[in-house]
Amino acid sequence: METTHRVFVGDSRDLAEIDDDAVELVVTSPPYPMIEMWDDLFTALDPAIGDALESGDGRAAFDAMHAQLDRVWDELERVLVDGGIACINVGDATRSLDDSFRVYANHARVLEAFESRGFDPLPDILWRKPANSAAKFMGSGMIPPNAYVTLEHEYVLLFRKGDESRSFEPGADRRYQAAYFWEERNRWFTDVWTEVQGELQTLEFADDDLRDRSAAYPLEIPYRLICMYSAYGDTVLDPFWGTGTTTLAAMCAGRHSVGSELEDAFLEVFDDRIADVPSLSRSVSRARLERHREFVTRRREDGNEFEYEATHYETPVVTKMERDIQLREVAAVETLTDDAEYGYRAIHEPLALE
């Protein structure tokens, strides 16, 4: 099996290179409005944002920043298939402007934007991130009432385009082979993720400013979402491509991908990561299988039996739907580059028994 992965250097407010109804899943983390590290980017898109920040008008700046993201959401509505899923990782912001401290609820504004475009909101996920400081408050310390709780979570907002789920042909191999294990379902489809840690990417940039503007989420987040909401053969879009974590996850998960990125320096760094994809994908798939076998051992020790056997692996499974699971690993990645886009072809093989 082969998958293709394209990345366009350009503005995600105009995804003209992507056809209508061309992707089945969106997994992305946009720049968060009212987080200072993104001020310059938003101001470059609309100078009125910088003026609002300078004057201390946080509400105007917040609205204007989201107006720029709205143009990206318009494009997602166009390129996503009916029944396709959009997964938006976003955090709220706390900030003091003009001596007034408040929270800016980015998640609520994004929810409103997608709903107004005809997307159906689905139950969301709270990704609880560990705080960097032992202090659990901001403000006046131990004296009430002017202390504030810290934000230690982000949202993964989930939306379906339209009110009907995608349909597949009966017994579709690409769907059943992409199934997840019973215990993975129980862990992944909970509304709070506490065991996924934040990740500081090591980026080799001569440009310190570019390094500061990388805000990659852990590989585990897009990998889970891709496994949860797509099947083999589907295409995953990340309109805020950044360091390419979503593409890496798509390669590991055996899906196609497409991305859009303003800074071509990020793509140059990604080329250096390609050589590690085969070993990364192999370790990810083997870890899933090993965790399942550990689950089998624990379940048997608790006196529980299994009714079904996996077709491709020497292990029992809990449900009939899991029998045909076939994990994939990348055997090789080829780089295909032209003036319009960066491209990669990944060659996949079924994860072999050891």
Side-chain angles (χ1 to χ4, degrees), residues 27-43 49 52-53 56-70 72-73 86-115 121-159 187-188 190-201 211-222 224-225 238 240 242-243 245-246:
V27 177
T28 195
S29 186
Y32 301 170
M34 301 308 289
I35 297 291
E36 288 187 58
M37 68 178 290
W38 300 115
D39 285 356
D40 290 344
L41 171 63
F42 280 113
T43 298
I49 293 171
L53 292 171
D57 191 345
R59 184 69 212 189
F62 175 79
D63 289 340
M65 290 178 181
H66 276 283
Q68 298 305 313
L69 294 182
D70 286 344
V72 182
W73 310 149
C87 309
I88 313 298
N89 173 216
V90 66
D92 292 340
T94 54
R95 189 157 181 176
S96 293
L97 282 175
D98 200 23
D99 296 324
S100 177
F101 175 83
R102 59 161 290 183
V103 64
Y104 292 90
N106 287 317
H107 82 280
R109 178 59 174 77
V110 172
L111 178 63
E112 175 186 325
F114 273 83
E115 201 165 7
L122 304 176
D124 58 41
I125 296 165
L126 287 182
W127 166 33
R128 193 175 189 281
K129 302 171 66 175
N132 294 326
S133 170
K136 296 297 183 183
F137 55 82
M138 298 177 286
S140 61
M142 269 56 70
I143 304 174
N146 297 323
Y148 312 101
V149 299
T150 56
L151 292 181
E152 296 178 5
H153 66 273
E154 295 184 1
Y155 292 83
V156 179
L157 301 175
L158 302 167
F159 306 97
R187 188 170 71 254
W188 294 351
T190 182
D191 62 348
V192 180
W193 288 355
T194 58
E195 79 281 17
V196 179
Q197 302 298 305
E199 182 171 283
L200 177 62
Q201 299 281 354
R211 181 185 294 107
D212 291 341
R213 284 187 281 119
S214 113
Y217 43 22
L219 179 72
E220 176 76 8
I221 287 182
R224 281 190 187 187
L225 295 170
D238 187 350
F240 301 100
T243 58
T245 306
T246 300

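Computed from a predicted structure; not experimentally measured.
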Residue list, ring-ring contact (aromatic ring centres under 6.0 Å, His included) with [X], at least two apart or on another chain:
{"X": "F240", "value": "none"}
{"X": "W193", "value": "none"}
{"X": "F42", "value": "none"}
{"X": "Y32", "value": "none"}

Is the shortest heavy-atom distance from the side chain of [X] to the side chain of [Y] under 4.5 Å?
{"X": "D70", "Y": "R109", "answer": "yes"}
{"X": "I125", "Y": "D191", "answer": "no"}
{"X": "M34", "Y": "L97", "answer": "yes"}
{"X": "P30", "Y": "W73", "answer": "yes"}
{"X": "F114", "Y": "I88", "answer": "yes"}
{"X": "T94", "Y": "Y148", "answer": "no"}
{"X": "L41", "Y": "Q68", "answer": "no"}

Quick one: closest heavy-atom pair of [X] and [Y], and the distance?
{"X": "D92", "Y": "V103", "answer": "CB-CG2, 4.1 Å"}
{"X": "L225", "Y": "C87", "answer": "CD1-CB, 3.9 Å"}
{"X": "P33", "Y": "A93", "answer": "O-CB, 3.6 Å"}

TODO: Name all residues meeting the salt bridge (Lys or Arg N to Asp or Glu O under 4.0 Å) criterion together with D39; count only those two or more places apart in sequence or in a different chain, and write none if there are none.
DONE: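 Once residues adjacent in sequence are excluded, the partners of D39 under the salt bridge (Lys or Arg N to Asp or Glu O under 4.0 Å) criterion are R95.
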Open item on the list: Please enumerate all residues that pass salt bridge (Lys or Arg N to Asp or Glu O under 4.0 Å) together with R187, with sequence neighbours excluded.
Closed with: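 With sequence neighbours excluded, R187 shows a salt bridge (Lys or Arg N to Asp or Glu O under 4.0 Å) to E195, given in chain and number order.
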Open item on the list: Would the distance check show the side chain of W127 and the main-chain N or O of V196 forming a donor-acceptor pair, the cut-off being under 3.5 Å?
Closed with: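 Yes, the answer is positive, given that a donor and an acceptor are paired below the 3.5 Å cut-off.
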Task: N/O donor-acceptor pair under 3.5 Å between T194 side chain and R128 backbone - done: no
TODO: Give, for atom NE2 of H107 and atom CG of L126, the distance between the pair rounded to the nearest 0.5 Å.
DONE: 8.5 Å
Task: NE2 on H66 to CG on N106, rounded to 0.5 Å - done: 4.0 Å
Who pairs with [X] by side chain to side chain contact (heavy atoms under 4.5 Å, CB included), at least two apart in sequence or on another chain?
{"X": "A64", "value": "D46, I49"}
{"X": "A67", "value": "none"}
{"X": "A108", "value": "A105"}

Task: For R59, all residues meeting side chain to side chain donor-acceptor pair (under 3.5 Å), sequence neighbours excluded - done: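 If we apply the side chain to side chain donor-acceptor pair (under 3.5 Å) test to R59, skipping adjacent residues, the hits are D63.
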Task: All side chain to side chain donor-acceptor pair (under 3.5 Å) counterparts of D238, not counting sequence neighbours - done: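 Partners of D238 under the side chain to side chain donor-acceptor pair (under 3.5 Å) test: T28, T246.
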Open item on the list: Students often mix this up, so state it plainly: with edges at 30° and 60°, are the rings of Y104 and F62 parallel, tilted or perpendicular?
Closed with: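 Correct class here is tilted.
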